[in-house]
Amino acid sequence: MILNRCIYGCCGLKSPEDCYEFGEMPREVAKLIALICLNTNNKTRALQALHRKLRKQLSYSEIKQAVDIFLKTHRPLEQYFFRETWAQLHYWDSTIAFNVMRAFQEENIPIIGVHDSFVVPEKEEDRLFMVMTKSYIELAQFEPVISKE
């Protein structure tokens, strides 16, 4: 996810290999915790939102413990949690996507944006990687981690 990596980079810090690996949390639960902690304006609201989403899987105290582990794991980013940081992060994400699509459009190369991914002709895969990397570095000032999945 661009969100945590981007924040680490903008703070001049190296991000963990996997921003969603903390405690014993399944990856999807960890991603939800990160997303909600970045999208709410206080911890109480974050816990309430997580409880609504996860109450069939985890008790409220387990959710609170998972959030505390997440916050401890990502302590260098604490100023970004519960601040509705999503607006800035989504702006960065959309700016990168726009720049990538514009570069391909200017060269009349077909490209389709799908959430935070792109579909291009197979022969343009290396070009896509290069354009994505360049756009990311221009905005975030550090190398992205891009997968072909």
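Heads up: numbering here begins at 1 and tracks the sequence. In this text, all values refer to a predicted model and were calculated from it rather than measured experimentally. Computed from heavy atoms alone, side chains included, the values below leave out hydrogens, waters and symmetry copies.
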Notebook entry, point to check: How close do Ala66 and Phe22 get, heavy atom to heavy atom, and via which atoms?
Noted result: O-CE1, 3.7 Å
Item checked: All side chain to side chain donor-acceptor pair (under 3.5 Å) counterparts of Arg83, not counting sequence neighbours -> none
Next item on the list: Sequence neighbours left out, what passes ring pair (Phe, Tyr, Trp, His ring centres under 6.0 Å) with Tyr60? Give chain and number order.
Entry: His51
Next item on the list: Find the distance between CD (Glu78) and SG (Cys37) and round it off to the nearest 0.5 Å.
Entry: 12.5 Å
Check: CD1/Ile112 to OG/Ser117 distance, rounded to the nearest 0.5 angstrom?
Finding: 12.0 Å
Using residues 118-130 as the side-chain source, report each donor-acceptor pair under 3.5 Å to any protein atom, sequence neighbours left out, with the distance given to one decimal.
unit_1: Glu125; atom_1: OE1; unit_2: Lys148; atom_2: NZ; d: 3.0
unit_1: Arg127; atom_1: NE; unit_2: Glu107; atom_2: OE1; d: 3.3
unit_1: Arg127; atom_1: NE; unit_2: Glu107; atom_2: OE2; d: 3.4
unit_1: Arg127; atom_1: NH2; unit_2: Glu107; atom_2: OE2; d: 2.1

Notebook entry, point to check: Pairs in or reaching into residues 14-24: which pass salt bridge (charged side-chain N to carboxylate O under 4.0 Å, His left out), with residues at least two apart or in two chains?
Noted result: Asp18-Arg27
Checklist line | Heavy-atom closest pair, residues Ser94 and Tyr91 | finding: OG-O, 3.0 Å
Check: With sequence neighbours excluded, what pairs up with Lys43 under the salt bridge (Lys or Arg N to Asp or Glu O under 4.0 Å) test?
Finding: Asp68
Item checked: Test side chain to side chain contact (heavy atoms under 4.5 Å, CB included) applied to Ile63 and Val29, Leu32, Leu54, the passing residue -> Leu54
Margin query: Using the side-chain contact (heavy atoms from CB on, under 4.5 Å) criterion, which residues pair with Ser135? Sequence neighbours excluded.
Written below: Ile96, Asn99, Val100
Next item on the list: Name all residues meeting the side-chain contact (heavy atoms from CB on, under 4.5 Å) criterion together with Ala103; count only those two or more places apart in sequence or in a different chain, and write none if there are none.
Entry: Val131
Next item on the list: Test side-chain contact (heavy atoms from CB on, under 4.5 Å) on Met25 and Tyr20 and set out the steps.
Entry: CA-CA 9 Å; Met25 280 298 112; Tyr20 306 113; over 6 Å; no
Next item on the list: Using salt bridge (Lys or Arg N to Asp or Glu O under 4.0 Å) as the criterion, list what pairs up with Lys134, not counting sequence neighbours.
Entry: Glu138
Next item on the list: For Glu62, check side-chain contact (heavy atoms from CB on, under 4.5 Å) against everything at least two apart and list the hits.
Entry: Leu58, Ser59
Notebook entry, point to check: Sequence neighbours excluded, which residues qualify as ring pair (Phe, Tyr, Trp, His ring centres under 6.0 Å) partners of Phe82?
Noted result: none
